[in-house]
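This report concerns only the one structure given below.
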Number of protein chains: 2
Amino acid sequence: MTENTGLRPGGRSARVQQAVHQAVKTLEATEPRESLSVPLIAATAGVTPSTIYRRWGDLAELMADVSLSRLRPEGEPPDTGTLAGDLQAWGEQYLDEMGSAPGQQALNDIMASADPSRRACCYRYNESIMVALVARAHDRQESAPEVATLMDGIIAPMTYRLLYDPAGATRDRLTIWIGATLGAPASR
Amino acid sequence: MTENTGLRPGGRSARVQQAVHQAVKTLEATEPRESLSVPLIAATAGVTPSTIYRRWGDLAELMADVSLSRLRPEGEPPDTGTLAGDLQAWGEQYLDEMGSAPGQQALNDIMASADPSRRACCYRYNESIMVALVARAHDRQESAPEVATLMDGIIAPMTYRLLYDPAGATRDRLTIWIGATLGAPASR
DNA sequence: CCATTAACGCAAAATATTAGCATTAACGGA
DNA sequence: TCCGTTAATGCTAATATTTTGCGTTAATGG
């Protein structure tokens, strides 16, 4: 499901959406990125360009939509027995994914969207993970900081490094961020 | 100075650059943003569109270049006598600037650039401020964390909120970030 | 002052985008 | 199931944009 919430969920719209997303993924794998264009994607998907323009607006929005759908968290993050461990395990996998070339490209596409709500969506994906991990910690009777504290102390520097200074987005730093955030959970 | 480093610094190039930047600023103030186009900017600046395409590539890159030039730090941040005070004072002004409509637009433009080096440039602007504030603290014999710690503990959540959750980019939170970062400066 | 060449202007060609109107098919109720 | 309504698409023509080739200008370095 994309962010396009006001459309008919029925057969045809869904098929077009699926075909267009698939076309983008196929072309990304076979063509140099700068050669991707709306008319080319439309031809590959078997739809007319005007359909894409009407539904997505322009190429940047379409690319952001596709990238966001790839970013969406799939399953539950692994349970390691402690909050610190869960954060480290999930974070390492996230760093790997987003530090890779396709991951960086996806981040790029999402940030290039003119629509701030798409970035907010990205925020909420990460937030929902933190909510899940905190709930798990509470189930174990483990004390845990507020979700906002985790966002500022861990998600923020991680994302910031990935976007602005990818070389600085390392596992060692992740460990430091987790330690500092869980060690001083007194923020309010 | 733009990121275009390989060009002749002499009269004509500089004049074109100045005229184009000025045209963008003028149009931003008078026209709805979605009506800005390369041909329009070119006409306003009195140059041909191909000149803009050749020098900047496309509209997104041009806008990012103009926005980045506005973001560049101008003077020294105010000296309040303590590192915490300096961080708070500078941060509040930064939050005001980037939280405003033009500031959000500028951030948007910079992030929309396909060129990661422009984002890295944005990173270095903030870093240079932190370097200056830490040096000042040392001059006062005040202890201060590493610059990287300030980047992760203060700049990162501030920027993250501004980009993903502007409503959460508040002065109160800034105070919390500064307290947590200076209170536990033990990260390495 | 001259030679070299980066940057620009101009105009034609190629592409991409928008807009109007006809058609299809999803949805909801009888 | 069938029918009316309307969102979504297809098609085509009209616009707008971006690219390209080539001649010209002017900055740079002797």
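Every chain is numbered from 1, with letters handed out A, B, ... down the list of sequences. These figures come from a predicted structure and were not determined experimentally.
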Between protein and nucleic acid, restricted to nucleotides 11-13 of chain D and to nitrogen or oxygen atoms under 3.5 Å apart, what atom pairs and distances do you find?
{"from": "D:dC11", "atom 1": "N4", "to": "A:Ser50", "atom 2": "OG", "distance (Å)": "3.1"}

Side chain to side chain donor-acceptor pair (under 3.5 Å) partners for A:Thr44, two or more places apart
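With neighbours one apart ignored, the set is empty.
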Mind checking what makes side chain to side chain donor-acceptor pair (under 3.5 Å) contact with B:Ser100, not counting sequence neighbours?
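So B:Ser100 forms no side chain to side chain donor-acceptor pair (under 3.5 Å) with any residue.
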Which nucleotide in the list D:dG10, C:dA26, C:dG9 gets nearest to the side chain of B:Val47?
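The answer is C:dG9, which lies nearest to the side chain.
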Mind checking salt bridge (Lys or Arg N to Asp or Glu O under 4.0 Å) for [X] and listing every partner two or more places apart, or none if nothing turns up?
X	value
A:Arg119	none
A:Arg54	none
B:Asp152	A:Arg161, A:Arg173
B:Glu92	B:Arg171

Please produce a list of atom pairs where a protein N or O lies less than 3.5 Å from an N or O of nucleotides 22-24 of chain C.
{"from": "C:dT24", "atom 1": "O2", "to": "A:Arg12", "atom 2": "NH2", "distance (Å)": "3.1"}

Using the test side-chain contact (heavy atoms from CB on, under 4.5 Å), find all partners of A:Pro78 that sit at least two apart in sequence or belong to another chain.
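Expected list: A:Ala89.
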Going by side-chain contact (heavy atoms from CB on, under 4.5 Å), name the residues that satisfy it together with A:Thr82, two or more places apart in sequence or in a different chain.
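By the side-chain contact (heavy atoms from CB on, under 4.5 Å) rule, A:Thr82 matches A:Thr80, A:Ala84, A:Glu142.
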Tell me the interatomic distance from [X], atom [atom1], to [N], atom [atom2], rounded to whole angstroms.
X	N	atom1	atom2	result
B:Arg15	D:dT25	CZ	C1'	11 Å
B:Ile52	D:dT19	CD1	C1'	15 Å
A:Asp58	D:dT17	CG	P	14 Å

Interatomic spacing from CD1 in A:Ile110 to CG in A:Asp65 - rounded to 0.5 Å:
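These two atoms lie 10.0 Å from each other.
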We want to know whether A:Thr175 and A:Gln88 form a side-chain donor-acceptor pair, criterion being a heavy-atom distance below 3.5 angstrom.
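The answer is yes; a qualifying pair exists.
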Under 4.0 Å from OP1 or OP2 of C:dC8: is there any side-chain N or O of B:Thr51 that close?
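For B:Thr51, the contact criterion (side-chain N or O under 4.0 Å from OP1 or OP2 of C:dC8) is not met.
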Any B:Tyr53 side-chain N or O less than 4.0 Å from OP1/OP2 of D:dT18:
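Affirmative; the distance criterion is met.
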Show every ring-ring contact (aromatic ring centres under 6.0 Å, His included) that has at least one partner inside residues 118-154 of chain B, sequence neighbours left out.
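Found A:Tyr160-B:Tyr123.
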List in numerical order all residues of residues 33-44 of chain B for which some heavy atom is under 4.0 Å away from an atom belonging to DNA chain D.
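Under 4.0 Å from DNA chain D: B:Ser37, B:Val38, B:Pro39.
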